[in-house]
Amino acid sequence: MRMHPRFVVLYGSQKGQAQSIAEGIAQEAEEHGLVAELSCLNQNEKYNLEQENDPVVFVVSTTGDGEPPDNTLQFVKRIKKKTISSDHYKHLCYALLALGDTNYANFCNCGKTIERRLQELGAKQFYATGYADDGVGLEVVVDPWLEGLWKAIKDAVSKMESDKTASPTGGPGLASPSGGIGSVSSSAPEAQTEAGGVSHVELAASLTCSLPPLSESALNVPVLPPSYLDVSLQEGDAVEEVRSDTLYEVPISKAVQLTRGDSVKTALLVELEISVNVTYQPGDSFDVFCPNRDSEVEEMLQRLGLQDQRKHCVSVSLKKDTKKKGAQVPSYIPPNISLLYLLTWCLEIRSVPKKAFLRALVEHTGDSVQKRRLQELCSKQGTADYNLYVRDPSLSILELLKAFPSCVPPLSLLIEHLPKLQSRPYSAASSCLRHPGKLHFVFNVVEFPACFGRPAGRRGLCTGWLFDLINPVLVFPGKPDSSSSPALPKIHVSLRPNCSFRPPPDPSTPFIMVGPGTGVAPFIGFLQQREKQMQENPEAVFGETWLFFGCRHRDRDYLFREELLGFVSSGTLSHLKVSRPRYVQHNLLLNSRHIRSILFQQNGYLYVCGDAKNMAKDVNDTLTEMIKTELQVDQLEAMKSLARLREEKRYLQDIWG
Ligand code: FAD
């Protein structure tokens, strides 16, 4: 074997998780006597799979309804080309770590797609694929997978070298992650151990305090992530407004509370005054850009001891001697911005600190008890505590810093570890045929309960911000609008078209919509468009439409009640089935004959949309059961039928959680 064998790490990442795992692999390589070359899958000038003779490790996440991350789309498109010959990658040896969330349909779909295609093109797997589930905690699968990776890479390198001298075609044997599991799945035995561990934690343990055995245990702490940014603050003229061309600043022209005050959730409808030149289709969503809360930015400034430098210009550059592989100044930090702007618009200061971040914080913590606790929380042994006290309650870095007062990190560490402040997508709940120049959307105000480290509950970042913003102009259905007209607040949005979640192209095709709660939003757009089309083309043939809606109390949270009943009266909606949200599936079962006929005899479409994570899975299970009974087939055949519907883009989901 060569002195320092080389391998390639490629990642595709939407929110930075896959990227940080890939960076961790590249970082650790040296310790294992290996040299890693790290690239994002969209930097195709930096790697060349067509001529790659060393092992390749892919770390890829999945986003939306099983879609590849934005920076992986082109790669997936490239390898999916039908014209590529089946031995195109026969020289390639790869391992793949797929990240996903079983709460969503199409778990790890991007990883699975890449893997299937690599294999179809002749590539050989040298290490069993890991499918990590964010629903239970990525580390349950990621940690053992990474542990076994190093030996697998070394074995693959040796095997590839000996093959080069012997037979040019053979691939390396398949290694398994530590623990000897052939393919690490989300239900790996470790998951049960961790969950079991939680129930043994006694009540006196908390975010800041552990009990034996953890408090007495030797700890496996992750390697300290090398710092890579130099950050300085200078007095000067900082830019306060940095906006891209794709953003529109639009006024909120109306805000309506859709639920009654005594409902469990608060659902609100917002109407935006967009230009008539901006068009969108039913099924599209758009991004709302929200800032971090002023009060939290202020607290962060205080906590960092930088309150007097808020107006200073932030200058970020790469540390010359950094050991971090592939280090880059984050692209989402524009030049010449003020510190205040950075903390308000660029960094997700609410994000849950990852273990690597906790590890880095240890170095900036004075008190030895607090230091030890942070070490525990980022250690392998402390995974159950990390999940219980940090991950599950979505503890923010600010909340963590409050609980660990002797920890004072430098600003550079925050920039290195906090992800980009993401815009929040919302589904259009209107059609521009019905409301030209307007765009409606509906949202539930997210509520985080109080927990250790968070004495009072808090609202979701964007929904809490929108709620405060629209409060002065909020109207309640049935109550007259207030005569005073306060100034209309403005927000920044950009459109993100959805090419597949659209009504069927042929209006005579029947379709079924399943949308409990705010999941009904895009279907209001579908139906508004259809009503208009029906009015304009009275002679045309329109297929049947079904809507399965769910609400808790018909008098409190039956969203769009009047409008939906209006669609029924006008014949736009042929069947409206309303049930409690969890019983949407029961209503589907009650109508299974019609559903079968629409999907399998009339080539119809089925759309599922909603915010309830389990809903999509429950609906999927119900459909499988229904197909088994209706088509008299076994489980496997039923699942294949559903998969075919998905492939034909006749079974479409738009799920968020
Ligand atoms: P954040 O501060 O970002 O918090 C939400 C996060 O916290 C989520 O990850 C959630 O899992 C987690 N969380 C929520 N509650 C708790 C809790 N009690 N304890 C711990 N963790 C919790 N939303 C709509 O309401 N209407 C829509 O039409 C809509 N359309 C969407 C379309 C798409 C394509 C996508 C991807 C998402 C859509 N969403 C929609 C979701 C929306 O983008 C936001 O995620 C949502 O409004 C919450 O944003 P937030 O900033 O208020 O919450």
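Source: prediction; values computed, not measured. Note that ligands are numbered from 1 as they come in the structure, with each ligand's atoms numbered from 1 the same way.
- For ligand 1, the atoms sitting less than 4.0 Å from at least one non-hydrogen atom of Pro449 are 18 (N), numbered in the order shown with element in parentheses.
- Glu348 and Arg350 are not joined by a salt bridge, as no carboxylate oxygen comes within less than 4.0 angstrom of a charged side-chain nitrogen.
- Here Asp392 has backbone heavy atoms under 4.0 Å from ligand 1, and that is the only part of it that gets that close.
- A salt bridge between Arg434 and Glu563 is present, with a side-chain N of the basic residue lying under 4.0 Å from a carboxylate O of the acidic one.
- In terms of polar-atom proximity, Leu461 is counted as a contact of ligand 1, with an N or O under 3.5 Å from an N or O of the ligand.
- Residue-ligand proximity, Thr463 to ligand 1, at heavy-atom distances under 4.0 Å covers atoms 47 (O), 50 (P), 52 (O).
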Trace of the side chain to side chain contact (heavy atoms under 4.5 Å, CB included) decision for Leu347 with Tyr332:
CA-CA 9 Å; Leu347 304 178; Tyr332 47 85; 4.0 Å; yes
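- Between the choices Ala521, Ser427, Pro425, Ser423, the shortest heavy-atom distance to atom 36 (C) of ligand 1 belongs to Pro425.
- Lys112 forms a cation-pi arrangement with Tyr131, by the criterion of a distance under 6.0 Å to the ring centre and an angle within 45° of the ring axis.
- In the vicinity of Asp654, heavy-atom distances shorter than 4.0 Å reach the ligand 1 atoms 34 (C).
- Residue contact check for ligand 1: Thr63 places no non-hydrogen atom closer than 4.0 Å to it.
- When Phe448, Phe286, Trp656, Tyr426 are ranked by how near their heavy atoms come to atom 46 (C) of ligand 1, first place goes to Tyr426.
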For Lys402 and Glu399, run salt bridge (charged side-chain N to carboxylate O under 4.0 Å, His left out): C-alpha distance rounded to whole Å, both residues' side-chain angles, the deciding distance at 0.1 Å, then the answer.
CA-CA 5 Å; Lys402 276 195 216 157; Glu399 287 160 344; over 6 Å; no
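- Taking the ring centre of Tyr386 as origin, the terminal cationic atom of Lys355 falls inside the region bounded by 6.0 Å and 45° from the ring axis.
- The residue among Glu447, Arg424, Arg459, Glu67 with a heavy atom at the shortest distance from atom 1 (P) of ligand 1 is Arg424.
- One option in Asn444, Val442, Thr518 has a heavy atom closer to atom 26 (N) of ligand 1 than any other, and that option is Val442.
- Summarising the local packing, NZ of Lys438 is surrounded by more than 12 heavy atoms from other residues, nucleotides or ligands at distances under 6.0 Å.
- The side-chain hydrogen bond (donor to acceptor under 3.5 Å, both in side chains) check on Asp294 picks up nothing, with sequence neighbours excluded.
- With a 4.0 Å heavy-atom cut-off, ligand 1 is reached by the backbone of Cys462 and by its side chain too.
- Only the side chain of Val446 comes within 4.0 Å of ligand 1, judged by heavy-atom distances.
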